[in-house]
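So that the names make sense, note that chain A is the first sequence line, chain B the second, and so on, each numbered from 1.
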There are 2 protein chains.
Amino acid sequence: MGNSENQLHCLDCANKAECFSHLSKNELTKVTDSKVSIYYNKGEIIRKQGTFVSSILFVKKGITKIYKEFDHAENVSIVDFRKPGQLIGLPDIFTASIIQYSVSALTDCEVCSIDIRLFEKLLTENGGFAVGVIKSINNQTSNTIDFHIQNNYKQLHGRIAHALLVLSKNVFESDVFNVPFTRRDFAEFTNMSSMSVVRILKIFRSDKLIEMKDGLITLLDKAKLEHISRVG
Amino acid sequence: MGNSENQLHCLDCANKAECFSHLSKNELTKVTDSKVSIYYNKGEIIRKQGTFVSSILFVKKGITKIYKEFDHAENVSIVDFRKPGQLIGLPDIFTASIIQYSVSALTDCEVCSIDIRLFEKLLTENGGFAVGVIKSINNQTSNTIDFHIQNNYKQLHGRIAHALLVLSKNVFESDVFNVPFTRRDFAEFTNMSSMSVVRILKIFRSDKLIEMKDGLITLLDKAKLEHISRVG
DNA sequence: TAAAAAAACTGATTTATATCAATTATTTAA
DNA sequence: TTAAATAATTGATATAAATCAGTTTTTTTA
């Protein structure tokens, strides 16, 4: 973890969140002045459940995971992931004062931290911005809710197939996961034991639905995975 | 189901959603003109998964349940509930064109239906309204996500205890459930079989944690229920 | 580069929970 | 008001998945 040397103006940020396009140059300058950009190494904790909400985070680079800790972090459920261009903490706006879920870096990450007071101020002053934020929130939370509702309805084979497809489509945006994603991550995302994950991934491999090499996962037969996701 | 005879002006609505307090008299008149108020009998379907999104609903009276249908509604997972003063369909705003979850009346209900185009127009024009809506969305979705994340982590006794507490606190707003809530509703809300629900409620009854009489459920020992919810 | 730690894997066993198959009670409808 | 339908209940049985206990492989660190 460390501060970024070059505090880029948000105007010049290549992959800023869609909602920021509704801000004026003046407003973006305010954001630039209030923000800090921070690097996190793979595995580092970005924010911690139970602490005070002070900022909205913007993922500039890397994949982050949002997770709920149980029993003093002995057990964990992964709630969702955030990738470049996405904001973290939107559901806290105007509501939560305590952070509900921890966030950590699944890969090396660069994250911008924006003062939540400023973010809320901009929302009240700029209706277009508010509309953009509503869009973001709705996309994020709808996906999260639907994933878990579906996941919990399925049996284990269906859960893994479903998770593979969702990760490919919504998170890694590729049929090849070039991201370190452990058996335990699968387990914590799908509510199952890591041993069961191992067993099912093995079956999927021998059935040529996926390939696993050098820590990379490749989806070979998405149609069959879709089918297992539905009926499994 | 039937139309309400008296189309009350939203200004005079006793329990309107908090966000409507940000609308001007003129804006509220527009809402009044566009809305229809409808009565639903217990059990009737209010909106159906898979159809087009055309409105935002406002619960004026009664309790509604939001649920996902699987396998042509042979199986169901209850996502959440909405009570008087709450809006239904907020996550569809600016995003979904197809309704993701069905909604039905758990009790006799009165529901206002507001054209979603008008709702979206008001959001772009009135920043205060947008802020109010963000608040509502965040409250609703945070509760929903957290309920299911917690539910799925727990074993069956914990699930029922947790569900009882959440229903009491967030939905029925009373330690006595004066609402018809079947074993099957419990099962569909907590992802378990209705036989398991029966067995666990029986244990809770004999342990004097709850009382069940005339279809009413009363929470007798919330402290113990909290404990079971945590460790169970 | 070796040692230590973490992750992946495997088979045997246990356990929580669903399913099955009835019976009884309660609603709803005719 | 009775018949029909739906919901609640119960015990016996089946089974999916977790846990346990270990081994092997991979990754990290010293």
Side-chain angles (χ1 to χ4, degrees), chain A residues 41-44 70-71 73-78 104-108 151-163 177 179-206 210-217 228 231-232, chain B residues 41-44 70-71 73-78 104-108 151-163 177 179-206 210-217 228 231-232:
Chain A
N41 291 323
K42 178 186 158 189
E44 279 189 308
F70 295 97
D71 323 317
E74 204 185 303
N75 295 297
V76 157
S77 289
I78 295 179
S104 72
L106 199 62
T107 64
D108 290 353
N151 178 70
N152 301 318
Y153 175 71
K154 294 174 195 299
Q155 310 213 145
L156 299 199
H157 293 248
R159 286 188 191 184
I160 293 290
H162 180 235
F177 298 3
V179 166
F181 203 74
T182 66
R183 309 296 189 261
R184 195 167 177 194
D185 286 323
F186 271 111
E188 290 171 351
F189 191 36
T190 57
N191 266 295
M192 52 195 277
S193 75
S194 55
M195 289 83 142
S196 293
V197 172
V198 168
R199 282 180 245 267
I200 289 166
L201 285 178
K202 190 186 161 192
I203 294 169
F204 283 9
R205 247 179 307 165
S206 70
I210 60 171
E211 187 181 74
M212 294 174 79
K213 215 164 60 180
D214 310 325
L216 285 189
I217 297 176
I228 292 170
V231 307
Chain B
N41 292 323
K42 178 187 158 185
E44 279 189 307
F70 296 98
D71 323 316
E74 202 186 302
N75 294 297
V76 157
S77 287
I78 296 179
S104 72
L106 198 63
T107 65
D108 290 352
N151 179 69
N152 301 319
Y153 174 71
K154 294 177 196 298
Q155 310 213 145
L156 299 198
H157 292 249
R159 285 188 191 185
I160 293 291
H162 180 233
F177 297 3
V179 166
F181 203 74
T182 66
R183 309 296 189 260
R184 194 166 179 196
D185 286 322
F186 271 111
E188 290 171 352
F189 190 36
T190 57
N191 267 292
M192 52 195 276
S193 75
S194 56
M195 290 85 143
S196 292
V197 172
V198 167
R199 282 181 245 267
I200 289 166
L201 285 178
K202 191 186 162 193
I203 294 169
F204 282 10
R205 246 181 306 167
S206 69
I210 60 171
E211 188 181 75
M212 295 174 77
K213 214 161 66 180
D214 311 324
L216 285 190
I217 297 176
I228 292 169
V231 307

For the side chain of B:K202, counting heavy atoms from C-beta on, which of D:dG11, C:dA18, C:dA7 is nearest?
D:dG11
To the nearest angstrom, the CD-P distance between B:E188 and D:dA7 comes to 10 Å
Classify the ring geometry of B:F70 against A:Y153: parallel below 30°, tilted from 30° to 60°, perpendicular beyond 60°.
parallel
Atom pair distance, as rounded to whole Å: CG in A:N191 and C1' in D:dA18
13 Å
Using a heavy-atom cut-off of under 4.0 Å over every strand shown, decide if B:M192 touches base, sugar-phosphate, or nothing.
sugar-phosphate
A:R159 CZ - D:dA17 P separation (whole Å):
7 Å
On DNA chain D, compare the nucleotides closest to A:K154 and A:G215; which residue's is nearer the 5' end?
A:K154
Taking CD1 from A:I200 and P from C:dA8, how many angstroms apart are they, rounded to a whole number?
15 Å
Of all the choices, D:dA17, D:dA7, D:dT19, which nucleotide is nearest to the side chain of A:L156 once you look at every atom?
D:dA17
Any N or O donor-acceptor pair linking the side chain of A:R183 to the base of D:dT26 at under 3.5 Å?
no
d(CZ, A:R205; C1', C:dT10) in whole Å:
13 Å
Could you tell me the separation between the CG atom of B:L201 and the C1' atom of D:dT9, rounded to a whole number of Å?
12 Å
To the nearest angstrom, how far is A:I160 atom CD1 from D:dA18 atom P?
10 Å
Exactly one of B:I160, B:T182, B:L156 clears side chain to side chain contact (heavy atoms under 4.5 Å, CB included) with B:V197, and that residue is B:I160
DNA chain C nearest-nucleotide lookup for B:M195 and B:D214: closer to the 5′ end is B:M195
Closest to side chain of B:R199, choosing from C:dA8, C:dA21, D:dA12:
D:dA12
Heavy-atom donor-acceptor pair, A:D108 side chain to A:K42 backbone, under 3.5 Å:
yes
Grab the CZ-C1' distance between A:R184 and C:dA5 for me, whole Å please.
14 Å
Side-chain atoms of B:Q155 come closest, of C:dC9, C:dT17, C:dA21, to C:dT17
Is B:R159 reaching over with its side chain to a backbone N or O of B:K154, donor-acceptor style, under 3.5 angstrom?
yes
Ignoring backbone atoms, establish whether A:K42 has a side-chain N or O less than 4.0 Å from OP1 or OP2 of D:dT28.
yes
B:S193 near the nucleic acid: base, sugar-phosphate alone, or nothing, with a heavy-atom cut-off under 4.0 Å?
base
Report, as yes or no, whether the 6.0 Å neighbourhood of atom CZ on B:R184 holds more than 12 heavy atoms from other residues, nucleotides or ligands.
no
